[in-house]
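Structure first, then comments.
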There are 2 protein chains.
Amino acid sequence: MIRMKDTTARTTRRTDALSKDRIIAAAIRILDREGERGLTFRALAADLATGAGAIYWHVANKNELLAEATNAVITPLLDNLPPHHDAREDLRAIALGLFDAAHAHPWLGSQVLHASWQLSVMLLFEAIGSKLTQLGVPREARFNVASALVGYIAGKLGQETANMRNSPAGMTRETFLAMAADQWKALDPEEFPFVHEIADQLRDHDDREQFLAGLDLMLTGIAHMA
Amino acid sequence: MIRMKDTTARTTRRTDALSKDRIIAAAIRILDREGERGLTFRALAADLATGAGAIYWHVANKNELLAEATNAVITPLLDNLPPHHDAREDLRAIALGLFDAAHAHPWLGSQVLHASWQLSVMLLFEAIGSKLTQLGVPREARFNVASALVGYIAGKLGQETANMRNSPAGMTRETFLAMAADQWKALDPEEFPFVHEIADQLRDHDDREQFLAGLDLMLTGIAHMA
DNA sequence: ACCTGAACACCGTTCAAGT
DNA sequence: ACCTGAACACCGTTCAAGT
């Protein structure tokens, strides 16, 4: 590694000094490129041009690193939501924002699942809950309804993340789904009538549309609560 | 290790021979006791009194092992559903059966999440889909609705599994939730009104009841679909 | 206070060698 | 055909030693 003579010490604060924020930014970069398996303390240290152990001075362990990376993606996303019009539309925007983020960051889904009562999920509860109030959901029901929406969103994000990770060895989503559809189609229609019926739709469905359809189902439920 | 003189070779088939089923059964035993982190090819080999590499003759890798363990739990569960009365009640029974299974097997949730289009999820689709037909959900909507229910169930199971795994170092669920509730309660009520409002309910809510409330919300949505 | 990097205690997986 | 267990290529984490 080339190390230039340090003639630029104009400020006391070295621009390349390690910090929690720089570590998290590098972690996200690696996660996005290589996935969760690619994020290694060694790889991270190499990227930051430091030793593996140095990272532990700023971050307790890998779990905290992943939790912070999740917060770093979710916090600005929920802070920069477009100004509100209709509460239903706002809920759709929140959900779709997260869904699209899970695509840009193919590790986010499994983290949101594991975050249950942590910062990022708390922010999600707050964002959703305020809209529920606007929708007129009665106070006693709000926690359950918000938890249902969070559970649904987390589940779908988790499935998306799993889908992106699982496609075995450079197989496209299309060929992978086609294989699954063929298997479903090959099942006995007497024993598995529904799966058989659905196989063709599986082949070329849009995950994003399906995600939104499920969300709308829940919004319909909210509109007709007892 | 004590090895008795083999005077019992009455049959050609050794009762202690390795087989895929015995491996999976042992894997489930270890998973239930030690969690996903405890399932190791070395621990599994020790439990089966064999070498670590022997397992690879019957199972391709750890992913397949986990997928088979998931199938082994879910298949009998969905096969032995009580005879149907009301389609709504049947859907509740399916969902609750899975939720309770995720409690008995504190690793099942994350696996169901990762199984997307595999056997165990296909069986779940079939079980749910047949009830949707009974409920009169129109054909074009069935795939989306089933996918929404599967996504919700998978998400909640995944959260449950994460909750059970995360409680740090022998902390009970109660104290863990109390800590989270205290943190939420300590937030600025101006900035986080909803989370603040909800904090007390978080402390002593019942996950199972909340799971069922969310399911009922979706069933209400189904009943009022356009 | 902050960083280095070797060392420790593990992993999943492979594979020559055995029966 | 099936099993053994050492070996390989990794991990996360710790910690004495440096600056």
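Letters A, B, ... are given to chains in the order of the sequence lines, protein chains preceding strands, and every chain is numbered from 1.
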- [ ] Please check if the distance between the ring centroids of A:W117 and B:F176 is under 6.0 Å.
- [x]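 No, too far apart.
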- [ ] Can you sort out the partners of B:D200 under salt bridge (Lys or Arg N to Asp or Glu O under 4.0 Å), two or more places apart, ordered by chain and number?
- [x]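 If we apply the salt bridge (Lys or Arg N to Asp or Glu O under 4.0 Å) test to B:D200, skipping adjacent residues, the hits are B:K185, B:R203.
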Open item on the list: Treating A:S147 as the side-chain partner and A:F143 as the backbone partner, does any N or O pair qualify as donor plus acceptor under 3.5 Å?
Closed with: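 Between the backbone of A:F143 and the side chain of A:S147 there is no qualifying donor-acceptor contact (under 3.5 Å).
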Task: Nucleotide nearest A:H58 when distance is taken to its side chain, options D:dC3, C:dC3, C:dC2 - done: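 From the listed options, C:dC3 comes nearest.
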Open item on the list: Run the ring-ring contact (aromatic ring centres under 6.0 Å, His included) test against B:H58 and tell me which residues pass, sequence neighbours left out.
Closed with: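 Scan of B:H58 (ring-ring contact (aromatic ring centres under 6.0 Å, His included), adjacent residues dropped) gives none.
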TODO: Using a 4.0 Å cut-off on protein heavy atoms (strictly under), produce a 5'-to-3' string for nucleotides 10-17 of chain C with B for base contact, S for backbone-only sugar-phosphate contact, and - for none.
DONE: -BBBB---
Task: side chain to side chain donor-acceptor pair (under 3.5 Å) partners of residues 104-113 of chain A, not counting sequence neighbours, each pair once - done: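 Residue pairs with at least one partner in residues 104-113 of chain A: A:D32-A:H105, A:D32-A:W107, A:E36-A:S110.
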Task: Non-neighbouring partners of A:T175 that pass side chain to side chain donor-acceptor pair (under 3.5 Å), sequence neighbours left out - done: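 Only A:T172 meet the side chain to side chain donor-acceptor pair (under 3.5 Å) criterion with A:T175.
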Task: Nucleotide C:dC2, atom C1' - distance to CH2 of A:W57 in whole Å - done: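 Roughly 6 Å, once rounded to whole Å.
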Task: Ion pair check, B:R208 and B:E160, cut-off under 4.0 Å - done: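 No salt bridge links B:R208 with B:E160.
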Task: Interatomic spacing from OH in B:Y56 to CG in B:L65 - rounded to 0.5 Å - done: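 Answer for the OH-CG pair, B:Y56 versus B:L65, is 9.0 Å.
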Task: Dot-bracket encoding of pairs in DNA chain D, which uses [ ] for pseudoknotted crossings and | for another strand, Watson-Crick or G-U under 3.5 angstrom - done: ||.|||||...|||||.||
